[in-house]
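Excluded from the calculations below are hydrogen atoms, water molecules and symmetry mates; all remaining heavy atoms, backbone and side chain alike, are included. This structure is a prediction, so every number in the text was calculated from the model and none was measured. Proteins come first, then strands; the chains are lettered A, B, ... in the order of their sequence lines, and each starts at number 1.
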Amino acid sequence: MLLLAYVRNLELHCAYDAFTRAQDYGFKLSLTSCNPLLSALAKENKIGDVEYVYKEMIKRRIQPNLYTFNILINGLCRAGKLTKAEDVIEDMKAWGISPNVVTYNTLVDGYCKRGSAGKMYKAEAIMKEMLANKIYPNEVTFNTLIDGFCKDENVLAAKKTFEEMQMQGLKPNVVTYNSLINGLCNNDKLEEAVDLWDKMVDFGLKPNIVTYNALINGFCKKKMMKEATKVFDDITNQELVPNAITFNTMIDAYCKEGMMDEGFALCNSMLDEGIWPIVSTYNCLIAGLCRKRDLRAAKELLNEMENKGLKANVVTYNILIDGSCKDGKSRNAEKLLNEMFNLGLKSNHVTYNTLMDGYCMEGKLKAALNVRARMEKERKQPNVVTYNVLIKGYCKIGKLEAANGLLNEMLEKGLNPNRTTYDIVRLEMLEKGFIPDIEGHLYNISSMS
DNA sequence: CTAGGGTTAG
């Protein structure tokens, strides 16, 4: 039917439209069309639409099945609505449908994702719950946990999970090794990552492009460009093809090293390999030019990118805004914010925080507070970074009372100070002989790290 | 028709 065709062509607006009007047109909706639509909407992170379609299904007496619930849970997890996702488990049981290993794995993954850092205990709790329900963890469950622990900077727990998985008689696969190698690279354990690579090969597993990208990133983070290049060159020897991420990783590293020529050269060689640079490729280069305080070249590259049919995104503008701010031209940065607004691009927390930081560094607290007001008008609540930026701004101009006021405001809102907050408070406030009202909290902060 | 891995911004 029509709806399914739209979903296949990823014309979700049309699919959604067809869905809402199906009844008027006398179409009978069925599970075989609703589930793919839900799945596509979930993958596009359109959780509102997912929930709407689900509710309509129920209203129209289309019986959801296991897939429907798994898709729904996946969508809710992607949107960070984890408690709601957990509630769905109860809903499905009420429908007489038992959760399966995919259901639980999806939830475990929800708690393992970057956005929910520090929630690994919840992921482990879900795993216990699945065991209590006699659903047994598989490779995916363990891989998800390993990745979660790595992203939580807990490599030790990741390694223990790796052992545990083998004790349960499950064999680590390429994804397992990729997660762990990547985790080791991102947690300053490059040598162990290389050892694990060798081990993986010994076990007869072939590294794929993701493995290569992870290790290249590891060398790049250590500024070992020679080694990174060696790994990069090895890709083609293995009948593998580098992709845009491979190139982006290398290009970004060169740009961060200030080696712009090498970065541009790689960008050009992408085309020779038949790989098209993507927006993020340009973003790396634009960021490199901004670091060199060459805003003009950065803007020119933005134009060049757009001439090639690539549309700038929020990250592009965040980079340019940051570049202008660091160049001491926060007013120009605010013009960029307006420009992105006119282009219909949605700004995010990073955008506003960056601009506020720019004004604060220039000592223009009033302008920074105006940005905050603008952000709140967009219904974006200040986050920890917002407070860090403003607190640092007040410290810089010596208004410690005001800084302390913001500190307490943030605590009252239930926002958890992070390491940066602590550094600002300790360095900028305590050392100036000002005792913040939050001594108790400070103790908590220091014991946290 | 449902679950896991790699790059980029504050």
Short side-chain N/O contact to [N] OP1/OP2 from [X], under 4.0 Å:
| X | N | result |
| --- | --- | --- |
| A/Asn283 | B/dA9 | no |
| A/Lys392 | B/dG10 | no |
| A/Asn182 | B/dG6 | yes |

Can you tell which of [options] lies closest to the side chain of [X]?
| X | options | answer |
| --- | --- | --- |
| A/Asn74 | B/dA3, B/dC1, B/dG10 | B/dA3 |
| A/Lys256 | B/dG10, B/dT2, B/dT8 | B/dT8 |
| A/Asn105 | B/dA3, B/dG6, B/dG10 | B/dA3 |
| A/Thr249 | B/dT7, B/dT2, B/dT8 | B/dT7 |
| A/Val350 | B/dT2, B/dA9, B/dG6 | B/dA9 |
| A/Tyr67 | B/dG10, B/dC1, B/dT7 | B/dC1 |
| A/Cys284 | B/dT8, B/dC1, B/dA3 | B/dT8 |
| A/Val210 | B/dG6, B/dT2, B/dG10 | B/dG6 |

For this session: Could you walk me through whether A/Asp147 and A/Asn182 pass side chain to side chain donor-acceptor pair (under 3.5 Å), step by step?
Result: CA-CA 9 Å; A/Asp147 188 55; A/Asn182 185 46; 5.0 Å; no
Would you classify [X] as touching base, sugar-phosphate or nothing, given that sugar-phosphate means primed atoms plus P, OP1 and OP2, and contacts are heavy atoms under 4.0 Å?
| X | answer |
| --- | --- |
| A/Ile181 | nothing |
| A/Ser280 | base |
| A/Asn313 | nothing |
| A/Val314 | nothing |
| A/Asn353 | base |

Are [X] and [Y] an aromatic pair by the rule of ring centers under 6.0 Å?
| X | Y | value |
| --- | --- | --- |
| A/Tyr317 | A/Phe341 | no |
| A/Trp197 | A/Tyr212 | yes |
| A/Phe142 | A/Phe162 | no |

Exercise. Do the ring planes of A/Trp95 and A/Phe69 sit parallel (below 30°), tilted (30 to 60°) or perpendicular (above 60°)?
Worked result: tilted
Rounded distance in Å - [atom1] ([X]) to [atom2] ([N]):
| X | N | atom1 | atom2 | result |
| --- | --- | --- | --- | --- |
| A/Asp252 | B/dT7 | CG | P | 11 Å |
| A/Tyr54 | B/dC1 | OH | P | 22 Å |
| A/Leu285 | B/dA9 | CG | P | 13 Å |
| A/Ile319 | B/dT7 | CD1 | C1' | 12 Å |
| A/Asn186 | B/dT7 | CG | P | 6 Å |
| A/Phe142 | B/dA3 | CZ | P | 20 Å |
| A/Asn213 | B/dG6 | CG | C1' | 5 Å |
| A/Asn208 | B/dT7 | CG | C1' | 15 Å |

Exercise. Would you say the base of B/dG6 and the side-chain of A/Asn243 have a donor-acceptor pair closer than 3.5 Å?
Worked result: yes
For this session: Decide yes or no, distance alone: a donor-acceptor N/O pair under 3.5 angstrom between the base of B/dA3 and the side-chain of A/Asn138.
Result: yes
Exercise. Taking 4.0 angstrom as the limit, do A/Glu306 and A/Lys311 come out as a salt bridge?
Worked result: no
